[in-house]
Amino acid sequence: MKRRVVITGLGTYNPLGNDVESTWQRVAAGESGIGPITLFDATDYKTHFAGEVKGFEPVAHFGRKEARRMDRSTQLALAAAGQALADAGLPIGESERVGVILGTGIGGLGTIVENVQILNQ
């Protein structure tokens, strides 16, 4: 028996845009999401450019307390999943029929670095 899969909703936060529509417009226009590093001071590094998600405000999505408890990659993943659910218009109660495909370069790295720095003090 073949199982069929239907993509009912999309969501994304990436260097090209903070939603599917703006991302697609920039992809279609041939634009790049690469730019100067702004999320930390890269002065002492050889590379000063990266693909960063810009304009993402985790407190607006999760509140201050909850946002502080999550790594940025987790915040972005949950916010994108929220977009996908809203796009799909599916009721949350049908969670056994919902799946997620998540792509990340290296999720949770911010939390790893932060905790290594704490251990090295």
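Quantities reported herein were computed from a predicted structural model and do not represent experimental measurements.
Residues satisfying the salt bridge (charged side-chain N to carboxylate O under 4.0 Å, His left out) test with Glu31, not counting sequence neighbours, are Arg26. The ring-ring contact (aromatic ring centres under 6.0 Å, His included) test applied to Phe56 returns Tyr13, His61, not counting sequence neighbours. By the ring-ring contact (aromatic ring centres under 6.0 Å, His included) test, Phe62 is found to be paired with no residue, residues two or more places apart in sequence or in another chain being considered.
Taking every heavy atom of both residues into account, Gln83 and Asn18 meet most closely at NE2-O, 2.8 Å.
Formation of a donor-acceptor pair under 3.5 Å by the Thr47 side chain with backbone atoms of Phe49 is not found in this model. No donor-acceptor pair closer than 3.5 Å links the side chain of His48 to the backbone N or O of Ile37. Between the Asn115 side chain and the Thr111 main chain, a donor and an acceptor come within less than 3.5 Å of each other. Remark: side-chain polar atoms of Gln75 are not paired, donor with acceptor, to backbone N or O of Pro58 under 3.5 angstrom.
Note: Glu66 CD to Met70 CE = 4.5 Å, rounded to the nearest 0.5 Å. Interatomic distance, Glu21 CD to Asp87 CG, rounded to the nearest 0.5 Å: 10.5 Å. With rounding to the nearest 0.5 Å, the separation of CD in Glu52 from CD1 in Ile34 is 9.5 Å. To the nearest 0.5 angstrom, Leu85 atom CG is 11.5 Å from Leu10 atom CG.
No continuous path of hydrophobic side-chain contacts links Val20 to Leu16 [ILVMFWY only; heavy atoms under 4.5 Å].
Defined by atom type and a distance below 3.5 Å, a donor-acceptor pair is missing between the side-chain atoms of Asp71 and Thr74. Under 3.5 Å, the side chains of Asn14 and Thr23 contain a donor-acceptor pair of N or O atoms.
Side-chain contact between Ser22 and Asp19: present, with at least one pair of heavy atoms (C-beta onward) separated by less than 4.5 Å.
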